[in-house]
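What follows is a short report on a single structure.
Only a predicted model underlies this, so the values are computations on that prediction, with no experimental measurement involved. Lettering follows sequence order; numbering is per chain, from 1.
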Protein chains: 2
Amino acid sequence: MIRRFLSKNKAVLGYGLSLAVLLFILKWLELRFVIYDHAMELYVGAIALMFTLLGIWLARKLTRPQKETIIVEKTVYPDSSLGFVPDETEIAHLGISKRELEVLELMAQGLSNEEIGNRLFVSLNTIKTHSSRIFEKLDVSRRTQAVEKAKRLRLIP
Amino acid sequence: MIRRFLSKNKAVLGYGLSLAVLLFILKWLELRFVIYDHAMELYVGAIALMFTLLGIWLARKLTRPQKETIIVEKTVYPDSSLGFVPDETEIAHLGISKRELEVLELMAQGLSNEEIGNRLFVSLNTIKTHSSRIFEKLDVSRRTQAVEKAKRLRLIP
DNA sequence: CGATGGGTCATACTTTAGTATGATTTTACG
DNA sequence: CGTAAAATCATACTAAAGTATGACCCATCG
């Protein structure tokens, strides 16, 4: 009970004690200097100094620090091209195979069937077959349409 | 000269003046209360109070405000289709005409040359000519490449 | 007024794309 | 192990795409 009271009012008790000590010092000073009437200025100066310091200490302890908030806006660009996540659900739903997706990506990069064939080390005819299957699955009839739709459906970046 | 000195040392002068006034008040209080020897405690209390306040005032004035930087992340969504701004500079630099840009956009939508012709009420041959000019200006040889490059250069959405 | 550039169109040709069909091989799975 | 899906390749054909060349119209500008 008492301990909790002490801990909860620690600050208040601290101030009180400090004040008591100060008053004691003052009384002692008064006794020492009261004899010499001319020491009055010194006495007052000591008091002034002590209480000024007390004031500063109080101010620092009691006033919450004056904060000056600086708000800096930092623009953040989301994914866009760095972090592309293909819509696996849609790919699976359309039944597009891994190889077909590869062909689709190279198509989107503007490569011809022959170039794609060379890139993937297969014949031109193979790419043509893949293309046709892709067009079927995407329900289009031209590569440009396929690319447009694939991008729209987020199958490729 | 004097005015500039005053303005530059305004704060210092303020503190000096305040101190002078306080000392005057102290002297005055001393003269008034020195007669009554028992008023000593009151006198000291007044001094204590004043200097405590002075201390507080000093502390508040002298402590520089603590700066706190808050970084607010502001997400910026690039174009996406809602707010697309074509790179007019690039378009002009490549010398691409208004009509050619139209054809380019329809190309990107996956339309065939014939479909583009019908859409723009011109013949297939006209679109072919436009296409060829576009490919020249973009330094490509196929429509898929043209579309890819045009999108990359932000000529079209 | 004549030169220029954009837009239009045509013919003729080459190249690439796309379709249809069939076949072989690889790979994954019950 | 056998089967289904995926991947491979070929041939033959049609349909687009792309190139080259020349021509015409029309607005604009020095």
Just the rounded figure in Å: distance from C1' of C:dT16 to CG of A:Asn118. 14 Å
Whole-Å distance, B:Asn125 CG to C:dA12 P, equals 12 Å
Should B:Asn113 and B:Val103 be marked as a side chain to side chain contact (heavy atoms under 4.5 Å, CB included) after you check the CA-CA gap, both sets of side-chain angles, and the distance that decides it? CA-CA 9 Å; B:Asn113 285 339; B:Val103 173; 5.9 Å; no
Under 4.0 Å between a side-chain N/O of A:Ser132 and OP1 or OP2 of C:dT19, yes or no? yes
Nearest-Å distance, CD (B:Gln145) to C1' (C:dA17)? 14 Å
For A:Leu101 versus A:Leu155, what's the shortest heavy-atom pair and its separation? CD1-O, 4.1 Å
How close or far is atom P of C:dA17 from atom CE of A:Met107, stated in whole angstroms? 9 Å
Rounded distance in Å - CZ (A:Arg143) to P (C:dT16): 12 Å
Between C:dT14 (P) and A:Glu114 (CD): distance, integer Å: 18 Å
Rounding to an integer number of Å, can you tell me how far A:Phe121 CZ sits from D:dT8 P? 12 Å
Want to settle it: does B:Val122 or A:Phe135 sit nearer the 5' end of DNA chain C, counting the closest nucleotide to each? B:Val122
Side-chain N or O of B:His130 versus OP1/OP2 of C:dG7: is the shortest distance under 4.0 Å? no
Touch class at under 4.0 angstrom, heavy-atom based, for A:Ser141 against every strand present: sugar-phosphate
In terms of heavy-atom contacts, B:Val147 and B:Ala108 come closest through CG2-CA, 3.7 Å
B:Leu124 CG to D:dA16 P, in whole Å, measures 10 Å
Output the single nucleotide from D:dT19, D:dA7, C:dC9 whose closest atom is nearest the side chain of A:Lys98. D:dA7
Within the pair A:Thr126 and D:dC9, is there a side-chain N or O less than 4.0 Å away from OP1 or OP2? yes
Below 4.0 Å: OP1/OP2 of D:dT8 and any side-chain N or O of A:Arg99: yes
Using every non-hydrogen atom in the two residues, find where B:Glu115 and B:Gly110 come nearest and quote the distance to one decimal. OE1-O, 4.3 Å
Want to settle it: does B:Arg133 or B:Val140 sit nearer the 5' end of DNA chain D, counting the closest nucleotide to each? B:Val140
Do the side-chain N or O atoms of B:Ser123 get closer than 4.0 angstrom to the phosphate oxygens (OP1, OP2) of C:dA10? yes
Whether the A:Thr126 and A:Thr129 side chains hold a donor-acceptor pair (N or O, under 3.5 Å, no angle test) is what I'd like checked. no
If you check every side-chain atom of A:Lys128, which of C:dT19, D:dA17, D:dA10 has the closest atom? C:dT19
Does this structure show an ion pair linking B:Arg152 with B:Glu148, if we count only N-O contacts that are shorter than 4.0 Å? yes
Given C:dG6, D:dT8, C:dT16, which nucleotide is nearest the side-chain atoms of A:Ser112? C:dT16
Among D:dA17, D:dA6, C:dG7, the nucleotide that comes nearest once only the side chain of B:Asn113 is considered: D:dA17
Below 4.0 angstrom from OP1 or OP2 of C:dA17, is there any side-chain N or O of A:Arg142? no
